[in-house]
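In what follows, a single structure is set out as structure tokens and then discussed.
In each ligand, atom 1 is the first atom listed, and ligand 1 is the first ligand listed.
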Amino acid sequence: MRIGHSHSGPRHVAVIGAGIVGASIAWRIAMRGVRVTLIEKAEAGSGASSHSFAWINAGAKQPIAYHNLNRRSLDMWQRFAAALSDDGDSASIGLRWGGKVSWATEAADADRLVSQVRQLQSWGYPTRLVSAAELSELEPSLDVGAVAAAEYSENEGQIEPQLVVDACLRRLAEREAAVHSGTEVIGFELRGDGRVAAVETTGGDIECDAVVLAAGADTTTLAALAGVNVPQAKSPGIVIRTTPMPPLLPNVPVVYAPPLSDALQEIHMRQCADGRMMIGEGDQESLAEDDSQAHADDLLARACRYLPGLAGAEAIPVPVGWRPMPLDGYPALGFAEESPNLYIALTHSGVTLAPALSQLAAQEICDGIAADAMLRHYRPQRFAGMTAEQAASMKRPR
Ligand SMILES: Cc1cc2nc3c(=O)[nH]c(=O)nc-3n(C[C@H](O)[C@H](O)[C@H](O)COP(=O)(O)OP(=O)(O)OC[C@H]3O[C@@H](n4cnc5c(N)ncnc54)[C@H](O)[C@@H]3O)c2cc1C
């Protein structure tokens, strides 16, 4: 089915938002020889992408269709990173493999962990149960304490979103794409058929024949200006940093450690390419707004309990990051029926999903053929015409 354009393909695409999703799509489209203008209201990479824990995974994704989409993207990261890196060295954009470990100390949590592993194994995902001894052997720098059940997911990894965005901008410069930072999109000039004729910005109007709307948490407000309904859930998250430390997790980059008491959530940690540790609590959708120094100190103290090498680090609080979060938790990707040349690109887990979603989006936009076999569950149209109450009832149970 042809979508988006009446002609063979767009000549000029405006991309709104230079986070990891918008920058990746802009790069993929520019690679196709299409003129691209990337518009960013602040600094490239400064939105949710700069707050992200940036763990690449498919293990935490349900149901199987969404798991498979994440898995496809995870499997694409190595090539995606190599193509973006200056010298083909994917480590230069912070890509590091080695997997993720998690473990439980309480019987109920252990049962849950075991059944998750069994389900992922039935989907063919490379995760397995390990003993306490194996866990300590996998990452000797951890002090794991009592272990009721433990798991190792060997194909997961981490990336540095800012380095990815910077690399996309370098590739865009090579293609002579225009990048307007500090330029806010404030409206759309719409034709009678709902198509966008021009994007209105604080720096003037930009005429184009297709638009990608990848403005993260601001996507809902901007889409409404073109008559498109893409509701989101508010999803604040906190991941603190520490001062730079020598390598502390040499074997397994991503660690999920169990709660220290009933009143506390599990914590997750990883080390950035520049030596700073990132520490968050709960899962990848946990809501958190306490960006105080006291809370950062508390997270660091809890992480130290599991990673003694962190002693001596100082906690650096980070302001709340707002996850782009379609109301049902799944990506909203595709042309809007109300505005047929406006392509919505709104997603949680955009770090994991950037390689696959950018490829699919660029293909749909440039070739005009719907990739429905991959994306039919994730079309923005599922929200069209919904009342707020109906949309709220779609909200994924947490
Ligand atoms: C705390 C936290 C932890 C996370 N952990 C993970 C994880 O471990 N793994 C994972 O895969 N994902 C994770 N995510 C999710 C992931 O970070 C996001 O899905 C991803 O960064 C979204 O990228 P984006 O480009 O869509 O949005 P953003 O990075 O928010 O980029 C959108 C850009 O649009 C710009 N913009 C907005 N409005 C306008 C306008 N009017 N005009 C011009 N520009 C505009 C913004 O300034 C921003 O730069 C996490 C997110 C958070 C907040």
- Task: Taking atom types as modelled, find out whether S153 and T127 have a side-chain donor-acceptor pair closer than 3.5 angstrom.
- Result: yes
- Task: Examine distances only and state if a side-chain atom of R191 and a backbone atom of E189 form a donor-acceptor pair shorter than 3.5 Å.
- Result: no
- Lys/Arg N to Asp/Glu carboxylate O, E156 vs R96, below 4.0 Å: no
- Message: One pair to check against side-chain hydrogen bond (donor to acceptor under 3.5 Å, both in side chains): E281 and H295. What are the steps and the verdict?
- Response: CA-CA 11 Å; E281 66 180 328; H295 183 60; 3.2 Å; yes
Would you mind listing each N/O atom of ligand 1 next to any protein N/O under 3.5 Å, plus the distance?
from, atom 1, to, atom 2, distance (Å)
ligand 1, 5 (N), S52, OG, 3.4
ligand 1, 5 (N), F53, N, 3.2
ligand 1, 5 (N), Q284, OE1, 2.7
ligand 1, 8 (O), A54, N, 3.2
ligand 1, 8 (O), W55, N, 3.0
ligand 1, 8 (O), Q284, OE1, 2.9
ligand 1, 9 (N), W55, O, 3.0
ligand 1, 11 (O), S349, O, 3.4
ligand 1, 11 (O), V351, N, 3.4
ligand 1, 11 (O), T352, N, 2.9
ligand 1, 11 (O), T352, OG1, 3.0
ligand 1, 14 (N), S52, OG, 3.3
ligand 1, 17 (O), S52, OG, 2.9
ligand 1, 19 (O), T347, O, 3.2
ligand 1, 19 (O), S349, N, 3.4
ligand 1, 19 (O), G350, N, 2.8
ligand 1, 21 (O), S49, N, 3.3
ligand 1, 21 (O), S49, OG, 3.0
ligand 1, 23 (O), S49, OG, 3.4
ligand 1, 25 (O), I20, N, 3.2
ligand 1, 25 (O), V21, N, 3.0
ligand 1, 29 (O), A48, N, 3.3
ligand 1, 29 (O), S49, N, 2.9
ligand 1, 29 (O), S49, OG, 2.6
ligand 1, 30 (O), A48, N, 2.9
ligand 1, 38 (N), D218, OD2, 3.0
ligand 1, 41 (N), V185, O, 3.1
ligand 1, 42 (N), V185, N, 2.9
ligand 1, 44 (N), K41, N, 3.0
ligand 1, 47 (O), E40, OE2, 2.6
ligand 1, 49 (O), E40, OE1, 2.7
ligand 1, 49 (O), E40, OE2, 3.1

- Item | Pairs meeting criterion salt bridge (Lys or Arg N to Asp or Glu O under 4.0 Å) with involvement of residues 216-229, two or more places apart | K41-D218
- Query: Between Q78 and W97, is any side-chain donor less than 3.5 angstrom from a side-chain acceptor?
  - Reply: yes
